[in-house]
Structures are given as C-alpha cells and as structure tokens.
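Structure in structure tokens, see below.
Computed from a predicted structure; not experimentally measured. Residue numbers begin at 1 in each chain, while the letters A, B, ... track the order of the sequences. Basis for what follows: all heavy atoms, side chains included, without hydrogens, waters or symmetry-related copies.
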Number of protein chains: 2
Amino acid sequence: MSKTDKRDEIINAALELIAEHGFHGTSMAMIADRAKVGAGTIYRYFDSKDVLIIELFKVVEAKLHATLDVTSESEHSIQDRFLHLGKSMLKYLIDNPTHYKYLEQFFNSPYGVEQRRIKLLGEKGKENAILRIFTDGVEQGEMKDLPVVALCALSFGPIMTMARDHILGFFTLDDELITQTIDSCWSGIKK
Amino acid sequence: MSKTDKRDEIINAALELIAEHGFHGTSMAMIADRAKVGAGTIYRYFDSKDVLIIELFKVVEAKLHATLDVTSESEHSIQDRFLHLGKSMLKYLIDNPTHYKYLEQFFNSPYGVEQRRIKLLGEKGKENAILRIFTDGVEQGEMKDLPVVALCALSFGPIMTMARDHILGFFTLDDELITQTIDSCWSGIKK
DNA sequence: CATTTCGGAGTGAATGTTCATTCCGCCAGT
DNA sequence: ACTGGCGGAATGAACATTCACTCCGAAATG
C-alpha cells in the first residue's frame, strides 16, 4: 500500500463516519478502525482532528468544483448559466450523498461558518465564478435587485433541502424533478 | 426559586449553549453552570442528556406552533395562506435566533431526522395545518403538481437559509426583504 | 553478493483529560 | 428533628493525543 493510499483510506473512512455520526459522534479510534490503520497513523498525516476535519472539507470542495462546470460568461444567457450550475450541483450532491452530508455538518459548525463567510463575502482577490453569475444577473437586470448573498441563499437553500430529502428517501429526484427544482429556483430569483 | 423556575432555567441555558456549541460541544456541567444549578439537579428534571435534548425540541416546537397562526382554510386564498404562514415563520426564526439554531442542530441529527420523517409523512391521524396548505394548493391547481414533501422542501429551504444568513449577519432581513423572500418562495411553487 | 546499519512509516497500549451520571451529605421549610 | 430538593465531589467510561517500539526496504560496508 503506497503512502497516498493510506491517506486516502483515512479520508474516506472519516468522510463516511462523519457523514453518518457527525463530528463529535466520530472518534479517531472509529476512523482508524474503518481505515484499517493504527490510531497513531492518522497523526502522521493530520496534526489533529480539527486539521483532519478542515482537510476533508477541502477535499470535498475540490471535487465539487471540479465537477461543476460553470458555463463561461459570454456564450450563454444568465438564465442558462444559472440552470446549468444548479443542475450540476444538485446532481453532484445526490450522486455523492456522503459529501452532501459532510457539507451539511461542516457548514453548520463553527469551522464552516467561518469558511462560508470568507467564500461569500469574497475576501480573496480570487474570482468566484459562482458568485459572478449572481453579480452579472443583477447588473443585467435579469435577477431581482437583492443582495448577492440573499440571492445565493434563495437559490441554494432549496437545492440543499431537496438534496437532503432525496437522500433521506422522502422522495426520488429523477431527471424531471431535478429540472423542475432548478426551474423553481430560477423563478424565485428572476426579475 | 420555584420548582418550575429551576426547570426553565435549565431549559434556557441548554437551549443557548446547544445553539452555540452543538449537542456534543455542550456538556452537562456547562448547562448546570449557566443555569446556576448543581450538576446533579439537572437529573432531577431530565433522565438523561438525550431526554433533555428531545424535551428541548418539544418546547421550541410548541412555542413555534403557538406563534404561527395558520390562517383558516375557507376564508383566504391558497396564496394568502402560504404568504401568511411563511412570513410568520420567518419572523419567528429571526426573532428567536436561539430557537432557529437549535432546530438546525436538531434536524441534522439522528433524533431530528426521525422527527421530520414522522411530521412530514404524517403518521399520526392528527391534522397538520401546514401540510394542508400544500395538499389544498395542489388539489386546487394553484401550486405545481409535485409531491407535497417536495413543495415543503422548496419553500422552507429558502426560508431556513435566509434566516440563517440573517442570523449570521450576512445581511439584514428587514420587513421588505422578508416580504420579498416569501414572495420568492411563492414564485417557486405556484403553478 | 552477503551482511549490517539506518531511517522513517506504522502501531496500539498508555496517558491525561473530559464527560455523563451517581451518590451522599447538607439545609430550608415544616 | 424530619424530609425532600439540592449541590457538587466522586466515579468510571470514552476520548484525543502521545510515544516507545516494531518492521521493512534501502543504503552502506565488507
């Protein structure tokens, strides 16, 4: 087993367990067991449980961003860009329930709130392609004239809730229902 | 201090602490301290931490239901009933941030998922005035023809997200923004 | 090529801390 | 003086983290 294999085993084990039992419901011993490594081994790769938790978020975020293809500005209408983003995000979440549940845990924790604040209020000079859709949408008068953060909340809120209820088995999100969901989100924010 | 006073102190202390630190981040000792009560005293009123957590949910739920006046069926249009419900719910949540945060914690926990399943799939013969708005809405052709559970997710999702972001200070939900939020929810589910 | 030395990855029992829960002595009200 | 509610030290379990050790492959030595 190569070095990265072991790290990956730990990451996957931690992701599954935290998705199921939450941060505090998951002990390092449980993670070590499922990853089939010694308890001490985890600390060769991650300085502490906190570091591991934040590292897991980065892994999930990277995978999500890699999957989301945010259609480039010039070629499509705001509406198309939004629908495309929403659908690919919702599909990703229901295809990766473990990741969805991890994100849910994370964003409702002190770690996550800080991350959200940074992401949303966009501290970095880094361009955020997702936020851009909303700023463009407002500028071009295609979306309601609300704070961008509010538009995010209004559109991602239902996406997250629908993903959750699908994962919990309250209903099944087939292709048609996915389309209807994202259309509904668009109706909620379009001018 | 009367008997119920002490119980109330414990409930309030637990609510505040759990809202801030989560279930597992809140120890019984912390609750006892904030309630200005001995650690053992909590166990005179609640058999265990689990029982306390569930009891807290019942308290919050009761207060929320008491505040929500679900306008009676015959006198108003579906749209009015929905707007009324949405606004009073959102107002309640931002007026009681502690309760909002508690509910968020609770619903994302194993306890809460079970509760939601029962509430949503309506096991009890008990009439659920909230669900009724949606079943009526679909029947009368005023809402999209989706599963009632999906309509709930689509409309409460953004309400919860908006409440959260307001409480986190990402923006301020004034009366106008509240109205716009609920209007937006309605646009998302109306036919 | 054979043998020894070395270093770092991996381990899991040991450690010290924190937690939920218990239990016993105290005291206020009768 | 009796009693039931109360406080908080005591208890044992569970936890995150550490550390002395093993193991193995590779480099150094002959």
Residues in side-chain hydrogen bond (donor to acceptor under 3.5 Å, both in side chains) with B:Gln180, at least two apart?
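Applying side-chain hydrogen bond (donor to acceptor under 3.5 Å, both in side chains) to B:Gln180 gives none.
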Would you please classify the geometry between the A:Phe134 ring and the A:Phe82 ring as parallel, tilted or perpendicular, with 30° and 60° separating the classes?
perpendicular
For B:Tyr45 and C:dA20, give me the distance from atom OH to atom C1', rounded to whole Å.
19 Å
To the nearest Å, how far apart are A:Lys49 NZ and D:dA14 P?
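One finds 15 Å between P of D:dA14 and NZ of A:Lys49, rounded.
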Residues that B:Ile94 engages under side-chain contact (heavy atoms from CB on, under 4.5 Å), provided they are two or more places apart:
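Only B:Leu90, B:Ala163, B:His166, B:Leu173, B:Ile178 meet the side-chain contact (heavy atoms from CB on, under 4.5 Å) criterion with B:Ile94.
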Every protein N/O lying under 3.5 Å from an N/O of nucleotides 25-28 of chain C:
none

Could you tell me whether a side-chain N or O of B:Ser184 sits under 3.5 Å from a main-chain N or O of A:Gly188, the two making a donor and an acceptor?
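Confirmed, B:Ser184 side chain pairs with A:Gly188 backbone.
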For residues 137-154 of chain A, pull every pair meeting side chain to side chain donor-acceptor pair (under 3.5 Å), keeping only residues two or more places apart or in separate chains.
none
Looking at DNA chain C, which of residues 17-25 of chain B put a heavy atom within less than 4.0 Å of it?
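Nothing qualifies; none.
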Validation row: A:Phe46, A:Ile11 side chains within 4.5 angstrom (heavy atoms):
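Side chain of A:Phe46 against side chain of A:Ile11, heavy atoms only: contact under 4.5 Å found.
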Send over the distance from A:Arg7 CZ to C:dA9 C1', rounded to a whole Å.
15 Å
Using whole Å, what does the distance between atom C1' of nucleotide C:dT22 and atom CD1 of B:Ile42 come to?
13 Å
Distances under 3.5 Å between protein N/O atoms and the N/O atoms of nucleotides 7-12 of chain D, please, pair by pair.
unit_1 : atom_1 : unit_2  : atom_2 : d
D:dG7  : OP1    : B:Lys6  : NZ     : 3.4
D:dG7  : OP2    : B:Gly38 : N      : 3.0
D:dG7  : OP2    : B:Thr41 : OG1    : 2.4
D:dG8  : N7     : B:Ala39 : N      : 3.2
D:dG8  : N7     : B:Gly40 : N      : 3.2
D:dG8  : O6     : B:Gly40 : N      : 3.2

Rounded to whole Å, how long is the line connecting atom CE of B:Met30 with atom P of C:dC19?
8 Å
Whole angstroms only, please: what is the CD1-C1' distance between A:Ile31 and D:dT17?
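Interatomic distance, CD1 of A:Ile31 to C1' of D:dT17: 13 Å.
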Distance-only, no hydrogens or angles: does the A:His65 side chain make a donor-acceptor pair with backbone N or O of A:Glu61 under 3.5 Å?
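It does hold such a pair.
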Verify, without hydrogens or angle tests, whether B:Tyr100 (side chain) and B:Met160 (backbone) share a donor-acceptor contact under 3.5 angstrom.
yes
Write down the protein N/O and nucleotide N/O pairs, taken from nucleotides 16-18 of chain C, whose separation is under 3.5 Å; answer none if there are no such pairs.
none

As a check of understanding: the bend across the helix from C:dC1-D:dG30 to C:dT30-D:dA1, end axes from five pairs, rounded to 10 degrees, works out to 20°
Hey, does the side chain of A:Thr67 reach the backbone of A:Tyr92 with a donor-acceptor pair shorter than 3.5 angstrom?
no
Is there side-chain contact between B:Phe170 and B:Met162, with at least one heavy-atom pair below 4.5 Å?
no
List the steps, then state whether side chain to side chain contact (heavy atoms under 4.5 Å, CB included) holds for A:Leu52 with A:Ile31.
CA-CA 11 Å; A:Leu52 171 60; A:Ile31 296 172; 4.0 Å; yes
Rounded to the Å, how far apart are A:Met28 CE and D:dA14 P?
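Atom CE in A:Met28 sits about 18 Å away from atom P in D:dA14.
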List the residues meeting side-chain contact (heavy atoms from CB on, under 4.5 Å) with A:His24, not counting sequence neighbours, and say none if there are none.
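side-chain contact (heavy atoms from CB on, under 4.5 Å) list for A:His24, sorted by chain: B:His24.
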Backbone N/O of B:Glu9 and side chain of B:Lys36: donor-acceptor pair under 3.5 Å:
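No; judged by distance alone, with no hydrogens or angles, the pair does not exist.
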Expressed as a whole number of angstroms, how long is the span from B:Tyr43:OH to C:dC19:P?
12 Å
Please identify each residue that fulfils side-chain contact (heavy atoms from CB on, under 4.5 Å) with B:Asp33, with sequence neighbours left out.
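For B:Asp33, no residue satisfies side-chain contact (heavy atoms from CB on, under 4.5 Å) once neighbours in sequence are set aside.
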Residues that B:Arg44 engages under salt bridge (Lys or Arg N to Asp or Glu O under 4.0 Å), provided they are two or more places apart:
none
By side-chain contact (heavy atoms from CB on, under 4.5 Å) - contacts of A:Val60 (at least two apart):
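With neighbours one apart ignored, the set is A:Leu15, A:His99, A:Tyr102, A:Leu103.
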